[in-house]
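The structure appears below as structure tokens.
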Amino acid sequence: MPLRLYNTLTRTEEDFVPRDHARVSFYSCGPTVYDDAHIGNFRSFLAADVLRRWIESPLCEVKGADGQAHKGPRKVVHVMNITDVGHMTDDAEGGESGEDRMAVAGKRIAEAKKSGKLPADVRIDPGDPYQIARFYEERFKDDAKRLGLKLAIEGEKDPTLQPRATESVPGMIELVKRLIAQGYAYVVGGAGERVVYFDVQKFPAYGRLSGNTLDQLREGAGGRVAASNQASKRHPADFLLWKEDSSHIMKWDSPWGAGYPGWHIECSVMSFQRLVGNDLSATIPNGEALIDLHSGGEDNIFPHHECEIAQSCCAFNATPAKGGYARLWFHPRFLLVEGTKMSKSKGNFFTARDLFAKGVDPAALRLELVRTHYRSNANFTMQGLADSQRQVERWRRFVESAGGDASHSQGSRDDAMLGFAQALNADLNIAAAIAEVNKFVARTEKPGTQDAELMKVFDGVLGVLELQRPAAASTDIGIFAPGVAPDPAVLAKLEERRAARAAKDFARSDRIRDELLAMGYAIKDVAGGKVEVRRAGA
RNA sequence: GGCCGGGUGCCAGAGUGGUCUAAUGGGACGGAUUGCAAAUCCGUUAUCCGUCGGUUCGAAUCCGACCCCGGCCUCCA
């Protein structure tokens with residue numbers, strides 16, 4: 001059975017049929033870079049990464065336009081934008097209230113430098129939005145690579161896979177011009193306060209993705225859109241394409257004055273230019289879908305992706321009935337933290353780098369973020385992270401102990417491959433796929449070279465074992481877990497305990513272990529007379 | 001008010017009409033091992049799937065009502 005995926009657009013699970021089964025185009029809405037990405041962001045990006053890895057796996061079969069299932073090899077061109085244009089905190093459309101996010105980030109950076117939270121050698125001007133954006137962009141790419149986001153690793157060699165919105169503004173202006181010329185957009189306001197809106201009533205399929213059809217959208221339902229902005233629109237759902245605003249922190253010249261683009265138009269431009277063609281005046285023959293896959297967090301379904309579809313279908317003559325802009329829309333659900341929603345505005349979020357700084361193994365974090373089905377809300381917990389860590393360690397032991405002839409037949413490996421492929425082909429059932437891996441590991445008493453190779457194939461999709469492990473600090477007596485500094489007080493206790501054990505004074509040895517536990521350290525004896533030290537409870 | 005997802009053991013989380021007395025991982029418990037621990041290995045751990053009704057020879061799986069939880073309805077992955 002070839003790959004089947006749930007399509008948000010049709011609300012059904014369907015065969016995934018790309019335009020070219022050997023070369024799949026995939027666009028993912030990427031991060032905004034006015035703060036560090038949190039683990040919820042990464043859950044969404046990693047779900048897309050697992051999908052792309054699965055499509056590229058030699059075990060995956062994909063249905064072609066000829067109706068036949070095709071084996072690989074297959075290439076996925078996976079593009080993820082970097083949103084480095086600042087937007088308003090309160091009103092991304094009108095910009096009449098709130099502050100620009102990039103300006104807020106600048107203040108935060110200035111404060112962090114003052115308080116010493118950011119090292120003094122970080123050279124960044126908090127008043128320069130481009131420097132702020134680059135600063136967070138680098139940190140994002142760094143985190144993404146540590147978590148095995150394949151696109152970020154490829155992006156080092158091919159930066160066009162991670163296009164920046166600020167570098168695509170000329171294309172956005174061109175596309176807005178085209179939409180106006182075609183009658184899909186209109187300009188309101190006089191010089192100095194011009195605004196370009198998309199006319200949603202010209203696109204009858206508006207609402208198909210989200211279910212928010214025009215007659216169901218109530219004016220200002222979220223209560224966040226200023227009434228004065230709404231007044232100049234032809235329909236309350238009309239959305240911003242360009243805003244003239246000479247006071248904006250980031251601004252560009254345009255036929256509608258100096259200002260900034262609306263926040264939906266960038267993805268229409270970047271996805272087209274990187275995955276379809278450079279000529280934004282092109283028209284798609286037969287109204288075919290432009291790209292194969294498009295992903296983003298569930299909150300992107302409306303309004304962002306709805307608006308992208310409207311813009312792109314209208315500008316390039318793609319037909320909604322033929323999939324329109326993208327053949328298949330992939331939307332991972334939110335990540336909860338200890339049972340409640342996390343969001344930037346609530347501030348209850350973990351960033352990946354916070355966790356790495358505490359010594360969390362990227363492999364464990366990746367597995368924890370990826371192991372729940374992408375269309376369910378996952379619940380991130382410290383317990384779950386510990387579970388994932390142990391799972392990773394079992395797999396590592398399996399691979400590291402492998403060698404020579406396998407203790408069992410090829411049939412066992414074939415079963416595992418089949419089970420793994422069937423699970424992932426069924427709308428990316430990763431939990432079932434992991435279960436297949438575990439069953440394979442459990443029944444393999446003595447793993448051979450071929451078993452280790454098969455694990456590598458599985459890990460090509462899971463992307464866990466290939467990640468770099470955090471380094472452990474080591475002294476002649478202690479091996480300190482990542483994130484645990486070799487404290488002299490601890491070292492002294494370890495020396496004392498070593499002496500006690502040599503003298504067979506086990507009562508004293510155990511007492512020292514309890515003392516260390518009270519100090520927050522858990523220890524265990526390992527081969528060679530050394531002691532492994534980790535944080536208690538971790 | 002409109003539109004989407006969900007409710008499975010101590011926890012996380014699969015399973016969508018019979019093979020389910022419900023996968024897999026963690027935890028817990030028992031055993032092996034260890035000076036004792038830790039790690040590892042072996043074994044045990046849901047007669048039941050939010051509640052109540054219905055359809056069916058047969059339901060965790062389909063239908064209805066109800067109760068809860070999460071998301072979106074122009075900040076957010």
Side-chain angles (χ1 to χ4, degrees), chain A residues 8 11 28-32 35 37-48 87-94 98 101 207 210-213 215-218 220-225 229-230 236-240 262-264 295-304 306-307 331-336 339-346 349 367-368 371-373 375-381 383-391 393-394 397 419 423 426 429-439 441-442 445 501 504-507 509-510 513 522-527 531-532 534:
Chain A
T8 307
R11 293 182 187 81
S28 290
C29 281
T32 49
D35 204 346
H38 55 65
I39 55 174
N41 300 124
F42 276 113
R43 185 203 185 201
S44 164
F45 301 146
L46 290 174
H87 291 290
M88 294 297 142
T89 51
D90 290 350
D91 181 1
E93 270 200 282
R101 293 182 177 283
S210 62
N212 292 327
T213 51
D215 53 314
Q216 280 167 344
L217 280 167
R218 298 190 312 167
R224 298 187 207 114
V225 179
N229 284 344
Q230 291 294 60
D238 286 354
F239 56 90
L240 185 87
W263 68 288
H264 309 302
S295 80
E298 62 172 318
D299 57 326
N300 281 158
I301 296 170
F302 189 90
H304 187 53
E306 199 73 77
C307 296
H331 291 108
R333 303 292 162 200
F334 273 123
L335 178 75
L336 306 177
T340 63
K341 190 200 171 189
M342 77 186 296
S343 71
K344 283 187 181 179
S345 56
K346 274 190 193 166
F349 64 91
L367 182 61
E368 174 65 5
R371 70 206 262 227
T372 305
H373 187 89
R375 275 193 301 115
S376 298
N377 288 124
N379 189 16
F380 178 87
T381 61
Q383 178 61 52
L385 190 59
D387 289 359
S388 294
Q389 180 69 61
R390 303 197 58 166
Q391 174 73 82
E393 278 161 12
R394 281 190 60 182
R397 269 199 306 279
N429 187 345
I430 191 155
I434 288 171
E436 290 298 329
V437 173
N438 280 324
K439 281 191 260 183
V441 167
E445 275 178 48
R501 293 183 74 211
K504 302 251 184 246
D505 184 352
F506 295 120
S509 161
D510 290 351
R513 184 165 58 209
I523 60 169
K524 82 181 188 196
D525 297 310
V526 294
V531 181
E532 203 174 284
R534 54 176 64 234

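Nothing here was measured: the structure is a model prediction, and the numbers come from that model. Letters go in sequence order (proteins before strands), and every chain restarts at 1.
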Proximal nucleotide (of [options]) relative to the [X] side chain:
X	options	value
A:R101	B:G13, B:C75, B:C73	B:C75
A:K439	B:G13, B:G26, B:A23	B:A23
A:A435	B:G25, B:A23, B:A37	B:A23
A:N379	B:A37, B:G71, B:A12	B:A12
A:W263	B:U24, B:C76, B:C36	B:C76
A:Q391	B:C4, B:G25, B:U24	B:G25
A:F334	B:G35, B:C72, B:U24	B:C72
A:S376	B:U74, B:A23, B:A14	B:A14

Write down the distance separating the [atom1] atoms in [N] and [M], rounded off to the nearest Å.
N	M	atom1	answer
B:U56	B:A60	C1'	16 Å
B:G13	B:G25	C1'	9 Å
B:U47	B:G1	P	39 Å
B:C76	B:C66	C1'	33 Å
B:G70	B:C63	C1'	24 Å
B:C48	B:U8	C1'	9 Å
B:U55	B:A46	C1'	27 Å
B:G26	B:U45	C1'	13 Å

Hunt down the Watson-Crick or G-U wobble partner of [N], both distances under 3.5 Å, from any strand shown, or write none.
N	value
B:C36	none
B:U51	B:A65
B:U74	none

field: Pairwise distance NZ(A:K524) to CD(A:E532) - rounded to 0.5 angstrom
entry: 4.5 Å

Euclidean distance, A:F506 CZ relative to A:R513 CZ, rounded to 0.5 Å: 11.0 Å

It should be established whether [X] places a side-chain nitrogen or oxygen under 4.0 Å from OP1 or OP2 of nucleotide [N].
X	N	value
A:N429	B:G15	yes
A:R333	B:G6	no
A:R394	B:G25	yes

Touch class at under 4.0 angstrom, heavy-atom based, for [X] against every strand present:
X	answer
A:L335	base
A:R501	base
A:R397	sugar-phosphate
A:N438	sugar-phosphate

- line: Comparing nearest nucleotides in RNA chain B, the 5'-proximal residue of the pair A:D299, A:G384 is A:G384

message: Pick the closest RNA chain B nucleotide for A:P332 and for A:A432 by heavy atoms, then say which residue is nearer the 5' end.
response: A:A432

task: Using ring-ring contact (aromatic ring centres under 6.0 Å, His included) as the criterion, list what pairs up with A:H373, not counting sequence neighbours.
output: none

- prompt: Between A:H304 and A:W263, how do the two ring planes meet: parallel, tilted or perpendicular, split at 30° and 60°?
  reply: parallel

